[in-house]
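Chain naming here is simple, since letters A, B, ... match the order of the sequence lines and numbering starts at 1 in each.
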Number of protein chains: 2
Amino acid sequence: MSTLANQIEVYLKKLLSATESGVLELKRSDLAEIFMCVPSQINYVLSTRFSSSQGYLVESRRGGGGYLRIIRLSIDNEPNLTALLENGGERRVSRQAGEKLIDRLLEEEFLSKREGMIIKAMIDDRVIGSAANADGLRCDLINAVLLLLLRDDFSE
Amino acid sequence: MSTLANQIEVYLKKLLSATESGVLELKRSDLAEIFMCVPSQINYVLSTRFSSSQGYLVESRRGGGGYLRIIRLSIDNEPNLTALLENGGERRVSRQAGEKLIDRLLEEEFLSKREGMIIKAMIDDRVIGSAANADGLRCDLINAVLLLLLRDDFSE
DNA sequence: GCCGATTTGACCTTCTTTGACTATATTATA
DNA sequence: TATAATATAGTCAAAGAAGGTCAAATCGGC
């Protein structure tokens, strides 16, 4: 029953909960060695158990000094934000809907005025309008911001 | 975890910030000796961390009495920002170049840490990487931010 | 036996370190 | 004053050190 992937998942979540910051940093190769598996097994675990919809963010760097960084999102503390994230499963956001959403984040003081201006400028049709599937892209851009807002280490 | 290149970068930036003038002069061979590495390692650090797009100018002289001189440039006025906007007519910005540019705006305090994080999240390859012409899109996104920075009503 | 979940490995991309070879200045020597 | 020796720094490509991707093989439950 307990697959390798499960064991690695448990191991990582344990380490993660032992951290104060909710940020865990390690080497993929080390982890692979601990569990005596191929390195890509780690990627499998990360993508199936530590996705953003499951409340985690993963950053990494290649090359010498490379690392994996797993970041826990405080999904439970911010039900409002989390609800927005789901976005009704919608994969596209119109310009208008996008701006409204940002305005709402402003009102609820999740964002400063300047931050709101930056985001609005970046999801503007004059910038992304010519891209194929602009509304899909806008959705992705906004989602990236929402995920950021859920990070413990964001507010600082 | 931290690479040699990182350590040298930190060391140099520390020395640099301790200067009044923003000019640091030293011998490549001395530095290499301090860090017990080959001299060309220093060139690697200079080219990856102290490039002009990152706000530094490096002058040097060979031969007896040779030296390296690292000069910190500051974006203290609008024309400089506009120059960044032009970007040498480049219509594409790689992930790496984009991050470095944002880092520079951070160091120059045109952006807050949070603002930098927001922008970086939005120009991340995981968000825009799958778009056709991702580097072109990234260029457009960054330019939108630079334009915003030039607006009188932005700073407030 | 089918199907989704897991495991594995071949190949790819990015970043760093190293060293052989090159270029340029200064200093000593003929 | 040429020239040779010495002292620096620069360039570039190969090797090394990570992590990423993707598809084929395998496993387990129904």
| said: Without decimals, in angstroms, what is the distance between B/Glu9 CD and C/dT17 P? | reply: 12 Å

| task | Compare the minimum distances between each of C/dT6, D/dG19, D/dT11 and the side chain of A/Thr3, then state the nucleotide with the smallest one. | result | C/dT6

| request: Look only at the side chain of B/Ser40 and the backbone of B/Asn43, and say whether a donor-acceptor pair between them is shorter than 3.5 Å. | output: no

| Rounded interatomic separation in angstrom, taking CZ from B/Arg61 and P from C/dA23 | 19 Å

| request: Under 4.0 Å between any heavy atoms, over every strand shown, what does B/Arg126 touch: base, sugar-phosphate, or nothing? Just pick one. | output: nothing

| request: Mark yes or no for whether A/Ser51, through its side chain, and A/Thr48, through its backbone, hold a donor-acceptor pair below 3.5 Å. | output: no

| query | Which part of the nucleic acid, if any, lies within reach of A/Ile42 when heavy atoms closer than 4.0 Å are counted: base, sugar-phosphate only, or nothing? | reply | nothing

| note | CG (B/Leu146) and CG (B/Leu105) are apart, to the nearest 0.5 Å, by 6.0 Å

| task | Check whether any side-chain N or O of B/Ser60 sits under 4.0 Å from OP1 or OP2 of D/dG10, and answer yes or no. | result | yes

| note | In whole angstroms, the gap separating P of C/dA25 from CG of B/Leu68 amounts to 14 Å

| query | Quick one: side-chain hydrogen bond (donor to acceptor under 3.5 Å, both in side chains) partners of B/Asp30, sequence neighbours excluded? | reply | none

| message | What is the distance, to the nearest angstrom, from the CD atom on B/Glu59 to the P atom on C/dT24? | response | 17 Å

| Residues A/Glu59 and A/Arg151 bridged, charged N to O under 4.0 Å | yes

| So what does B/Arg69 touch, heavy atoms closer than 4.0 Å: a base, only the sugar-phosphate, or nothing? | nothing

| request: Provide, to the nearest angstrom, the distance between the CZ atom belonging to B/Phe35 and the P atom belonging to C/dT16. | output: 15 Å

| task | Mind calculating the distance between CD1 (B/Ile8) and P (C/dC15) to the nearest angstrom? | result | 18 Å

Which atoms of nucleotides 18-22 of chain C (N or O only) lie under 3.5 Å from a protein N or O atom, and what are those distances?
from	atom 1	to	atom 2	distance (Å)
C/dG19	N7	B/Ser40	OG	3.2
C/dG19	O6	B/Ser40	OG	2.7

| request: Report whether A/Leu68 and A/Ile34 are members of the same hydrophobic cluster (ILVMFWY, side-chain heavy atoms less than 4.5 Å apart, transitive linking). | output: yes

| Atom-pair distance (NZ on B/Lys27; P on C/dT26), nearest Å | 11 Å

| field | Closest approach of B/Arg138 to B/Ile123 (non-hydrogen atoms, all atoms of both residues) | value | NH1-O, 2.7 Å

| field | Most 5' of B/Gly65 and B/Val45 on DNA chain C, judged by nearest nucleotide | value | B/Val45

| query | Starting at OH of B/Tyr67 and ending at C1' of D/dA7, how long is that distance when rounded to a whole Å? | reply | 15 Å

| task | Give one of base, sugar-phosphate or nothing for A/Gly63, where a contact means two heavy atoms less than 4.0 Å apart. | result | base

